[in-house]
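To start, the structure under review is shown below, and the notes come after it.
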Amino acid sequence: MKKKTLMIHGGIPRDPHTGAVSVPVSRASTFKQNGVGNFLYEYARTKNPTREALEELVKDLEGGVAGFAFASGMAAISSVMHLFKAGDHLIFTDDVYGGTFRLMAKVLNRFSLDVSFVDTSDPNQIEAALKENTKAIYIETPTNPLLKITDIRAVSEIAKRRGLLLIVDNTFSTPYWQNPLQLGADIVLHSATKYLGGHSDVVAGVVAVNSEKLKEELHFIQNSVGAVLSPDDSWMLIRGIKTLAIRMEAVEENAKRIAEFLEGHGAVRKVYYPGLPSHKGHEIHKKQAKGFGGMISFDVGSGEKAEEVVKKVRYFTLAESLGAVESLISIPAKMTHASIPYERRQELGITDGLIRLSVGIEDAEDLLEDLAQALD
Ligand SMILES: *Cc1c(COP(=O)(O)O)cnc(C)c1O
């Protein structure tokens, strides 16, 4: 099945009992057993028909052995972290999602998980950070907000050589453009709150794994920890995924035009978009993904100028989050990345004049005109 077909026909696309073309929301928390221990479903935390349909779809989209749905992206990430134990060491991309950094540095550190944050766009830095007790490498590509690219195949070779798990947060690329499991990763996860849901109306997280062993371990954790996605939100996500392909195509077209426009604009100092040949990770991204996505960052030189642009745009809503049909705009230094100390932000390149766009599916002409009047 080709990807566009998979979005519609993957997983469990219909109700096997009634033929309903939309999987029903099954709210029951418990299920009648035909005899003791003789049942299809037992208790909804363990397995629920609507969540199961979504999990099968996620498995198919990422080409994995199993899929899992959690109550948020962070619930998915914390559940995956339960695969490790005190004393284990993990290597992370240094500009991972802020919530992931907080989870590792301020919560799971209490359970003695040892973590290093390195620039994974340079595989040598991963090699240098390896320790006796290293158990996994966790990467994000592209990253937020500078869209840094890590070579998934190169990192998977390091992981395989050392017997480590490779975990990839694939939120920015989506399974429509990039499938890390096919590039050597063991676990791929998403904040489904973003592109998979796609309409800014559901908070969810999903995971796909590449082996029977991980399938069993993660199901055991999902059921034990209990951070599962509700049947209603599972249904919302299935509905969102049906249009993922056409949304990503539309976003791609708009983003390409906007990135090119920004690159040619006198008021813009620098544009970060993996689709631009000037982007540092352009060639690597092209080798591992089929599209460049809808996230663009650009620098207008100062915090005051950035605030002015953000004030003047009409079709870009000032908000955190990303990946939905409506275009959003934000200033990372003052919003999503405000909790990072000023010096550290400078080191990472997250300047006060940096503006981040999540490009939506509005008419490109309107978006370009809007940015032009705000920048002029
Ligand atoms: C939003 C986000 C998360 C966290 O997901 P939630 O659904 O908000 O819990 C994790 N990783 C990335 C890259 C994100 O953008």
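Values in this document were obtained by computation on a predicted structure and should not be read as measured data. When reading the values below, keep in mind they use all heavy atoms of this one structure, side chains included, and skip hydrogens, waters and symmetry mates. Ligands are counted one by one from 1 in listed order, and the atoms in each one are counted from 1 as well.
Between Phe292 and His282, the two ring planes are parallel [angle under 30°; tilted spans 30° to 60°].
One finds the CG atom of Asn223 at 11.0 Å from the CD1 atom of Ile221 (value rounded to the nearest 0.5 Å).
For Lys148 and Asp119, the salt-bridge test passes: some basic side-chain N is under 4.0 Å from an acidic carboxylate O. Between Lys59 and Glu56 there is a salt bridge, since at least one side-chain N of the basic residue sits less than 4.0 Å from a carboxylate O of the acidic one. Taking 4.0 Å as the cut-off between side-chain N and carboxylate O, Glu347 and Arg344 count as a salt-bridged pair.
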Could you go through ligand 1 and note, for every N or O atom, any protein N or O atom closer than 3.5 angstrom, writing the atom names and distance to 0.1 Å, or 'none'?
| residue | atom | partner | partner atom | Å |
| --- | --- | --- | --- | --- |
| ligand 1 | 5 (O) | Ser191 | OG | 3.0 |
| ligand 1 | 7 (O) | Gly73 | N | 2.8 |
| ligand 1 | 7 (O) | Ser191 | OG | 2.8 |
| ligand 1 | 7 (O) | Thr193 | OG1 | 2.6 |
| ligand 1 | 9 (O) | Gly73 | N | 3.0 |
| ligand 1 | 9 (O) | Met74 | N | 2.8 |
| ligand 1 | 11 (N) | Asp169 | OD2 | 2.7 |
| ligand 1 | 15 (O) | Lys194 | NZ | 2.7 |

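When every heavy atom of Pro175 is checked against every heavy atom of Leu61, the shortest pair comes out as CB-O, 3.8 Å.
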